[in-house]
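Each chain gets a letter, A, B and so on, in the order its sequence line appears, and its residues count up from 1.
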2 protein chains.
Amino acid sequence: MLLSKSCIYGMRGALYLASSSNSKYISIKQISNDLDISPHFLTKIMQELTKAGLLESQKGPKGGVRLKKDGNEVALVEIVAAIDGMDLLTECALGLPGCGTAKPCPLHEQWADTRDEIRVMLEETTLTDLARKGKEGNLRITADGTFDWLPKDN
Amino acid sequence: MLLSKSCIYGMRGALYLASSSNSKYISIKQISNDLDISPHFLTKIMQELTKAGLLESQKGPKGGVRLKKDGNEVALVEIVAAIDGMDLLTECALGLPGCGTAKPCPLHEQWADTRDEIRVMLEETTLTDLARKGKEGNLRITADGTFDWLPKDN
DNA sequence: TATATTTGAGACAAGATAGTCTTAAATATG
DNA sequence: CATATTTAAGACTATCTTGTCTCAAATATA
Ligand code: SF4
Ligand code: SF4
């Protein structure tokens, strides 16, 4: 699996926030409900994103989470880094430790290229990109495809 | 992690075989010893490759495993398919089930491209490619870099 | 202030992956 | 044939990931 489930949930949660008007806090309960993700689990993951500085949160009624920066300034790689870490984008394809290409493995040439493709993709794709695309095509971010992308005006 | 540890060990084991003269069986014990992988664990993995038809085996003294086809006919993707399955190359980046691009997720465009890069890399790289490259550059396939790539004449 | 709501923190359980060990079956060799 | 070697099969344990639950702290609102 390329990304852990936690990371995928984090992405979907952040994407949800990026598709909303960012002025107000949204409760994780509502997000988990709309995205059909276990509330407790999503809470834990959103907490990680908050700790990482990607979200800000407020407790109590009318509380919730929201993006700290504007969605077009948040690349996917930041979410991956916060939850899965950068291992995928720095590690060896053969799992060998501590290579800086000094003593590479036979797969290095091919893997370094492929790894870069992944990295560039994650670096160049922002939450706003995905939210816009999602709204325009009414694309799914839930298993059953029931997700409304409201408000459309973001 | 892109590939499971089992898959990586399977690759390294198969690469070992491709770097040897393919006429005789090599014991898994020797392979695990040279590659510094747990013998029991590697045995289990090599069994999977044998069941998948990539290796053939013989029991008893002078027994062991060897490649069933010539190394230049074995692409990495076959090993991945045998051990991890094709999920990585067919599944959704957001973990959503059963998409055939009919109802895509917002990441689809980017991910489909990246996924293809990975697939092509795995399809176009053969064991012989890696063995040749490894011998020419004396590259490492063990954590500590102690691996000899003998015989050089393959 | 009292209450309900919501995040924060962390214990706990379930499931998947990784790794170990035991026993059986096959087979080369003396 | 007897024995040592090696794969085959699968039980078992350990570790990591995923998911659930409980309680505390903060806070909006009546
Ligand atoms: S060579 Fe590339 S893939 Fe191989 S160990 Fe070094 S970094 Fe990893
Ligand atoms: S769109 Fe592409 S990435 Fe998204 S669900 Fe369909 S296949 Fe998967």
For nucleotides 14-20 of chain C, list the nitrogen or oxygen atoms of the protein found under 3.5 Å from its nitrogen or oxygen atoms, one pair per line.
{"residue": "dA18(C)", "atom": "OP1", "partner": "Lys5(B)", "partner atom": "N", "Å": "3.0"}
{"residue": "dG19(C)", "atom": "O6", "partner": "Lys44(B)", "partner atom": "NZ", "Å": "2.9"}
{"residue": "dT20(C)", "atom": "OP2", "partner": "Ser38(B)", "partner atom": "OG", "Å": "2.5"}
{"residue": "dT20(C)", "atom": "O4", "partner": "Lys44(B)", "partner atom": "NZ", "Å": "3.2"}

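- Listed by chain and residue number, nothing satisfies the side chain to side chain contact (heavy atoms under 4.5 Å, CB included) test with Lys62(B) (two or more places apart in sequence, or in another chain).
- Residue pairs meeting the side chain to side chain donor-acceptor pair (under 3.5 Å) criterion with at least one member in residues 75-93 of chain B, sequence neighbours excluded: Ser4(B)-Asp84(B), Lys69(B)-Glu78(B).
- Scanning for side chain to side chain contact (heavy atoms under 4.5 Å, CB included) contacts around Ile8(B) gives Leu94(A), Leu3(B), Arg12(B), with sequence neighbours left out.
- Across the helix from dT1(C)-dA30(D) to dG30(C)-dC1(D), the helix axis at one end is tilted relative to the axis at the other end by 0° (nearest 10 degrees, each axis from five pairs).
- Taking Ser23(A) as the reference, nothing meets the side chain to side chain donor-acceptor pair (under 3.5 Å) condition, with sequence neighbours excluded.
- Expressed to the nearest 0.5 Å, how far CG of Leu17(A) lies from CD1 of Ile31(A) amounts to 4.5 Å.
- Hydrophobic clustering, with ILVMFWY side chains joined whenever heavy atoms are under 4.5 angstrom apart, keeps Leu122(B) apart from Met1(A).
- Using a 4.0 Å cutoff to heavy atoms of chain B, the contacted part of DNA chain D runs 5' to 3' from dA4(D) to dA11(D).
- We find that CD of Gln47(B) is positioned 14 Å from C1' of dT22(C), with the value rounded to whole Å.
- Applying the salt bridge (charged side-chain N to carboxylate O under 4.0 Å, His left out) test to pairs two or more places apart or on separate chains, those with a residue in residues 113-122 of chain A are Asp116(A)-Arg119(A), Arg119(A)-Glu123(A).
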- prompt: How does protein reach along nucleotides 24-30 of chain C, written 5' to 3' as B (base within reach of a heavy atom under 4.0 Å), S (only sugar-phosphate), or - (no contact)?
  reply: -BBBBS-

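- Listed by first then second residue, pairs satisfying side chain to side chain donor-acceptor pair (under 3.5 Å) with a partner in residues 31-54 of chain B read Tyr16(B)-Asp34(B), not counting sequence neighbours.
- For Ser27(B), there are no side chain to side chain donor-acceptor pair (under 3.5 Å) partners, not counting sequence neighbours.
- Using a 4.5 Å cut-off between side-chain heavy atoms of Ile, Leu, Val, Met, Phe, Trp and Tyr, with links allowed through other members, Met46(B) and Tyr25(B) fall into different hydrophobic clusters.
- By the criterion of side-chain heavy atoms lying less than 4.5 angstrom apart, applied directly or through intervening Ile, Leu, Val, Met, Phe, Trp or Tyr residues, Leu42(B) is grouped together with Leu96(A) in one hydrophobic cluster.
- By the rule that hydrophobic residues join a cluster once side-chain heavy atoms approach within less than 4.5 Å of another member, Leu88(B) and Met86(B) end up as members of one cluster.
- When the side-chain nitrogen and oxygen atoms of Ser57(A) are compared with OP1 and OP2 of dT6(C), none of them lie within a distance under 4.0 Å.
- Applying the side chain to side chain contact (heavy atoms under 4.5 Å, CB included) rule to Leu139(B) yields the partners Pro104(A), Pro106(A), Lys133(B); only residues at least two apart in sequence or on another chain are considered.
- Atom NZ of Lys29(A) and atom P of dA4(C) are 14 Å apart (whole Å).
- We find that CD of Glu48(A) is positioned 13 Å from C1' of dG10(C), with the value rounded to whole Å.
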